[in-house]
Colleague: 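Got a structure for you, written out below as structure tokens; questions coming shortly.
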Amino acid sequence: MSAEEGLSSAISDWLIINSWWLLLPFVMLLVVAAFIVAFVLLLYMISPLISPKPLKLNGAHVVVTGGSSGIGKCIAMECYRQGAFITLVARDESKLVQAKKEVEKCAINDKQVVLCISVDVSKDYSQVESVIKQAQEKLGPVDMLVNCAGTAVSEKFEQLEVDRFRKLMEVNYLGSVYPTRAVITTMKERRMGRIMFVSSQAGQIGLFGYTAYSPSKFALRGLAESLQMEMKPYNIYVTVAYPPDTDTPGLAEENKTKPLETKMISETSGVCQPEQVAKIVVKDAVQGNFTSSVGPDGYMLAALTCGMSPVTSITEGLQQIVTMGLFRTIALFYLGSFDSIVRRCMIQREQSKAVDKSE
């Protein structure tokens with residue numbers, strides 16, 4: 001063998017040996033990727049085994065507060081389409097009567113009943129307890145409670161009357177505490193039930209103009225998380241729904257006083273229809289999901305703000321872990337645009353004032 005042939009053979013042997021070291025990172029990457037795929041598939045397979053058993057609405061008794069209009073009425077209609085017996089709770093008797101007629105059109109059998117009760121769920125707990133007891137005597141134990149009674153006020157902090165802060169906490173927070181307290185004992189005795197709190201995307205992120213409204217909706221999550229930990233051993237599952245701006249009479253009323261900044265920020269998300277929201281939140285409540293969100297923005301907010309909130313399945317927790325970094329990056333751009341909107345509005349007002357003074 002010549003010297004050149006020996007050198008060529010040595011180089012070839014060296015390349016073969018070292019090529020394995022060059023390929024090793026890629027091989028390891030493939031192994032890790034295969035492990036992750038197998039792990040995710042395993043999670044999807046075992047997830048149904050640890051998720052709560054869905055609640056059957058056919059024949060179930062569903063109580064909906066704030067059920068005379070908007071999202072509450074559409075939730076009642078959606079449940080009625082699935083065979084539930086409905087108790088509508090609201091303050092305005094005339095609206096209740098009209099809502100009852102609309103809900104009854106969604107019946108799937110002639111045994112279903114819609115019961116109407118006029119009461120302010122935010123004022124007197126003993127009165128709320130009494131009417132819930134009456135409803136249970138007529139239609140049986142409550143299988144699902146939907147806390148949808150609420151009101152919204154959008155105005156700058158210093159321009160809000162101080163009494164407004166107390167009023168919103170009474171309606172949006174205590175208006176959900178009282179009905180829940182009235183049904184929880186029976187649910188624990190039966191070891192089954194669903195409780196839904198209808199919050200808002202303003203209950204996930206504080207925005208300009210919502211200094212009174214947002215805290216009252218944020219409070220519902222704290223209540224829901226604590227309650228879920230207490231109730232889970234009794235097979236009672238809590239859902240917090242975070243709908244976006246929804247085309248309801250409440251939104252129309254809110255828009256009358258909404259500051260320009262709040263309007264411009266709200267327009268970045270769009271407006272949903274109450275029927276669409278109702279379908280999603282009812283499905284999540286029936287399945288026992290803790291968080292119910294609507295649309296891509298809602299999904300992102302739910303992942304971003306999950307914190308220490310309960311998860312219904314392992315896959316849900318894994319999705320939150322995987323998407324958190326990306327969603328946080330996107331959220332920073334959103335926050336920057338919101339701050340820009342507020343600054344532009346402030347500059348426009350100052351310029352307008354300067355022009356008025358010069359005239």
Side-chain angles (χ1 to χ4, degrees), residues 51 66 70-72 74-75 78 146-148 150 152 154 172 176 194-210 213-225 228 237-248 250-251 254-255 258 262-313 315-338:
S51 299
I71 295 175
C74 289
I75 288 175
E78 180 63 25
V146 179
N147 291 293
C148 200
S154 181
N172 295 342
S176 293
R194 295 288 190 273
I195 297 172
M196 184 198 300
F197 297 102
V198 179
S199 180
S200 163
Q201 285 187 353
Q204 294 172 294
I205 174 174
L207 294 174
F208 190 105
Y210 287 136
Y213 179 66
S214 279
S216 67
K217 290 298 188 178
F218 267 85
L220 291 176
R221 171 169 168 174
L223 169 63
E225 287 189 4
Q228 177 64 96
Y237 287 89
V238 178
T239 298
V240 186
Y242 297 102
D245 279 349
T246 306
D247 187 12
T248 64
L251 179 64
E254 177 192 340
N255 285 337
K258 187 178 286 185
T262 313
K263 287 181 180 179
M264 294 176 68
I265 290 172
S266 298
E267 287 170 358
T268 62
S269 181
V271 178
C272 286
Q273 294 303 309
E275 295 83 4
Q276 175 193 4
V277 172
K279 285 181 180 293
I280 293 171
V281 301
V282 168
K283 180 180 178 182
D284 285 329
V286 164
Q287 293 178 343
N289 296 334
F290 181 78
T291 301
S292 180
S293 58
V294 179
D297 288 346
Y299 179 77
M300 184 179 75
L301 273 175
L304 277 171
T305 60
C306 60
M308 290 289 287
S309 62
V311 291
T312 311
S313 67
T315 52
E316 181 185 359
L318 183 63
Q319 288 169 1
Q320 292 168 351
I321 293 169
V322 171
T323 59
M324 181 68 75
L326 173 63
F327 286 166
R328 179 56 178 166
T329 303
I330 297 172
L332 291 175
F333 284 98
Y334 270 96
L335 290 171
S337 69
F338 295 164

Colleague: Report yes if some heavy atom in the side chain of S309 is under 4.5 Å from a heavy atom in the side chain of R221; otherwise report no.
Modeller: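 Yes, side chains in contact.
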Colleague: Go through the structure and list residues passing ring-ring contact (aromatic ring centres under 6.0 Å, His included) with Y242, not counting sequence neighbours.
Modeller: none
Colleague: Does D297 reach the side chain of Y334, with side-chain heavy atoms less than 4.5 Å apart?
Modeller: yes
Colleague: Under 4.5 Å between any side-chain heavy atoms of L301 and I205, yes or no?
Modeller: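 Yes, side chains in contact.
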Colleague: Atom OG of S200 and atom CG of D245: how far apart are they, to the nearest 0.5 Å?
Modeller: 7.0 Å
Colleague: Working to the nearest 0.5 angstrom, can you tell me the gap between L220 CG and S176 OG?
Modeller: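 The distance works out to 5.0 Å.
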Colleague: When rounded to the nearest 0.5 angstrom, what distance separates CD in E275 from SG in C74?
Modeller: 4.0 Å
Colleague: Can I get a per-line list of side-chain donor-acceptor pairs under 3.5 Å for residues 320-329, giving both atom names and the distance, sequence neighbours left out?
Modeller:
from	atom 1	to	atom 2	distance (Å)
T323	OG1	Q319	O	2.7
T329	OG1	G325	O	3.0

Colleague: Output the distance between atom CD1 (I75) and atom NZ (K279), rounded to the nearest 0.5 Å.
Modeller: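 Here the rounded value is 12.5 Å.
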Colleague: Does P310 have any side chain to side chain contact (heavy atoms under 4.5 Å, CB included) partners at least two apart in sequence or in another chain, and if so, which?
Modeller: E225, Q228, F290
Colleague: Test I330 against M300 for side-chain contact (heavy atoms from CB on, under 4.5 Å), laying out the working first.
Modeller: CA-CA 9 Å; I330 297 172; M300 184 179 75; 3.7 Å; yes
Colleague: Could you check whether any side-chain heavy atom of T305 comes within less than 4.5 Å of a side-chain heavy atom of Q201, counting everything from C-beta outward?
Modeller: no
Colleague: side-chain hydrogen bond (donor to acceptor under 3.5 Å, both in side chains) with Q276: which residues, sequence neighbours excluded?
Modeller: none
Colleague: Do L251 and T248 touch side chain to side chain, with heavy atoms closer than 4.5 Å?
Modeller: yes
Colleague: In Å, rounded to the nearest 0.5 Å, how long is the span from CD of E78 to NZ of K283?
Modeller: 11.0 Å
Colleague: Could you work out, with side chain to side chain contact (heavy atoms under 4.5 Å, CB included) as the rule, every residue matching S216, not counting sequence neighbours?
Modeller: L168, M169, N172, Y213
Colleague: G72 and C148: which non-hydrogen atoms are nearest, and at how many Å?
Modeller: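 Distance-wise, the nearest heavy atoms are N-SG, 3.5 Å.
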Colleague: Look only at the side chain of S337 and the backbone of L335, and say whether a donor-acceptor pair between them is shorter than 3.5 Å.
Modeller: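 Flag not set: sc S337 to bb L335 has no pair under 3.5 Å.
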Colleague: Tell me the closest heavy-atom pair linking P243 and V277, and the distance in Å.
Modeller: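 Shortest heavy-atom contact: CB-CG1, 3.8 Å.
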Colleague: Checking K217 side chain against V198 main chain: does a donor-acceptor pair fall under 3.5 Å?
Modeller: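 At least one qualifying donor-acceptor pair exists.
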Colleague: Measuring only between side-chain heavy atoms, which start at C-beta, is I280 closer than 4.5 Å to S292?
Modeller: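 Yes, close enough: below the 4.5 Å cut-off.
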Colleague: How many angstroms lie between atom CG of D284 and atom CE of M196, to the nearest 0.5 angstrom?
Modeller: 8.0 Å
Colleague: Just list the side-chain donor-acceptor pairs under 3.5 Å for residues 262-274, sequence neighbours left out, or say none.
Modeller:
from	atom 1	to	atom 2	distance (Å)
T262	OG1	F208	O	2.8
S266	OG	T262	O	2.8
T268	OG1	I265	O	2.5

Colleague: Indicate yes or no for a side-chain donor-acceptor contact from S154 to the backbone of Y210 under 3.5 Å, with no hydrogens or angles considered.
Modeller: no
Colleague: Which pair of non-hydrogen atoms, one from A202 and one from F218, has the smallest distance, and what is that distance?
Modeller: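 Smallest interatomic distance, heavy atoms only, reads O-CE1, 3.4 Å.
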